[in-house]
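Counting convention: from 1, in listed order, for ligands and their atoms alike.
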Amino acid sequence: MKVLVNNHLVEREDATVDIEDRGYQFGDGVYEVVRLYNGKFFTYNEHIDRLYASAAKIDLVIPYSKEELRELLEKLVAENNINTGNVYLQVTRGVQNPRNHVMPDDFPLEGVLTAAAREVPRNEQQFVEGGPVITEEDVRWLRCDIKSLNLLGNILAKNKAHQQNALEAVLHRGEQVTECSASNVSIIKDGVLWTHAADNLILNGITRQVIIAVAKKNGIPVKEADFTLTDLREADEVFISSTTIEITPVTHIDGVQVADGKRGPITAKLHQYFVEEIVAACGEVELAK
Ligand code: PDD
């Protein structure tokens, strides 16, 4: 397996980062994950635009133009022969020796890019059957719109979910539901798709944005506003969404069944529309039945 370290493809075993890299020392960096179907990137520009936007929000200069980055990522994908899979890429602020919270006066440092691509098939069964989630207080910072490498709040919540055999932790600030540890959450109530507004409290998921667009195109009303834990528990349908899990239905919340515990009709329709977007961009894929 070859990975990208700056603008070089190297064997995974030979890839190294400096211990004084600010990404390693402080989580000082940003990342993205882009999905491929049939060897083609899906919603590539949206992800890369978000990467540059996240970087700009923390004054991090990505050392490559968007064109250069695309060339590098395409080489990475080709070299590893990825058909349906994920590319994870990180850009840190770079190496600062000695370690110091304060960035050097000769800022900016040279950013460091790393990326890996892996084959990961679509999980048809999960898309149809869904799974349980837990709820967890959202203790993260107030800039969740930045896709930062600092993921402590996310991974602690995700691991709590995992320990309880749940797919995800739905995060909430008091009564208000925000998003999940690594995905967005939406509910359907009386035929309306309801999901948190794209503000500083959530990552504005690219999958979320595609879902909102196809919902509007197909006459499903959309409300972008926060909802409460009670709304979540009393919803007709609940689903979570991300680049890697597409649209995954939620069957139980903290052990209590959602409606009849099966994927709801609007969730199924939205997934069908979502797959149509993938097919239009990347060619035929198995339909989520
Ligand atoms: N996570 N919210 C959070 C906190 C996320 O980490 C993600 C994605 C999303 C959904 O964003 P998108 O639809 O653009 O994937 C929402 C990715 C999959 C990850 O970190 O692995």
Purely on distance, is any nitrogen or oxygen of R50 under 3.5 Å from one on ligand 1?
yes
Heteroatom proximity flag, E179 to ligand 1, N/O under 3.5 Å
yes
Please check if the number of heavy atoms outside H252 that lie under 6.0 Å from its NE2 is greater than 12.
yes
Are any of the N or O atoms of A182 closer than 3.5 Å to those of ligand 1?
yes
Hey, is NZ on K75 packed in by over 12 heavy atoms from elsewhere, all under 6.0 Å?
no
Any sub-3.5 Å donor-acceptor pair from T207's side-chain atoms to S241's backbone N or O?
no
For Q125, look at atom CD and say whether over 12 heavy atoms of other residues, nucleotides or ligands are found less than 6.0 Å away.
no
Tell me, which protein residue and heavy-atom name are nearest atom 11 (O) of ligand 1, and how many Å apart are they?
G205 CA, 3.3 Å
Polar atom proximity, H47 to ligand 1 (N or O, under 3.5 Å):
no
Polar contacts were defined as any N/O atom of the residue lying under 3.5 Å from an N/O atom of the ligand; does this apply to T243 and ligand 1?
yes
Could you tell me, atom by atom, which parts of ligand 1 come under 4.0 Å of a heavy atom of C180?
4 (C)
For atom 20 (O) of ligand 1, grab the closest protein heavy atom and report residue, atom and distance to one decimal in Å.
Y31 OH, 2.6 Å
Have a look at ligand 1 and work out which part of S181, if any, has a heavy atom under 4.0 Å from it: side chain, backbone, both or neither.
backbone
For atom 10 (C) of ligand 1, grab the closest protein heavy atom and report residue, atom and distance to one decimal in Å.
N184 OD1, 3.6 Å
R208 and salt bridge (Lys or Arg N to Asp or Glu O under 4.0 Å): which partner among E179, E224, E246?
E224
NZ or CZ of K217 within 45° of Y273 ring axis and under 6.0 Å
no
Any non-hydrogen atom of K147 lying under 4.0 Å from ligand 1?
yes
Ligand-residue contact atoms, ligand 1 with N154, heavy atoms, under 4.0 Å
4 (C)
Compute the shortest N/O to N/O distance between S242 and ligand 1 and return yes if it is under 3.5 Å, no if not.
no
Any salt bridge between D145 and R143, counting N to O under 4.0 Å?
yes
Flag T244 as yes when one of its N or O atoms lies below 3.5 Å from any N or O atom of ligand 1, and as no otherwise.
no
How far is atom 19 (C) of ligand 1 from its nearest protein heavy atom, and which residue and atom name does that atom have?
Y88 OH, 3.5 Å
For atom NZ of K262, decide whether the heavy atoms of other residues, nucleotides or ligands shown that lie under 6.0 angstrom number more than 12.
no
Could you please spell out the steps behind the salt bridge (charged side-chain N to carboxylate O under 4.0 Å, His left out) verdict for K147 and E32?
CA-CA 7 Å; K147 203 161 169 63; E32 269 299 329; 5.3 Å; no
Within 45 degrees of the ring normal and closer than 6.0 Å to the centroid, is that where the cationic atom of R122 sits relative to F127?
no
Closest approach of any protein heavy atom to atom 13 (O) of ligand 1, naming residue and atom
T207 OG1, 2.6 Å
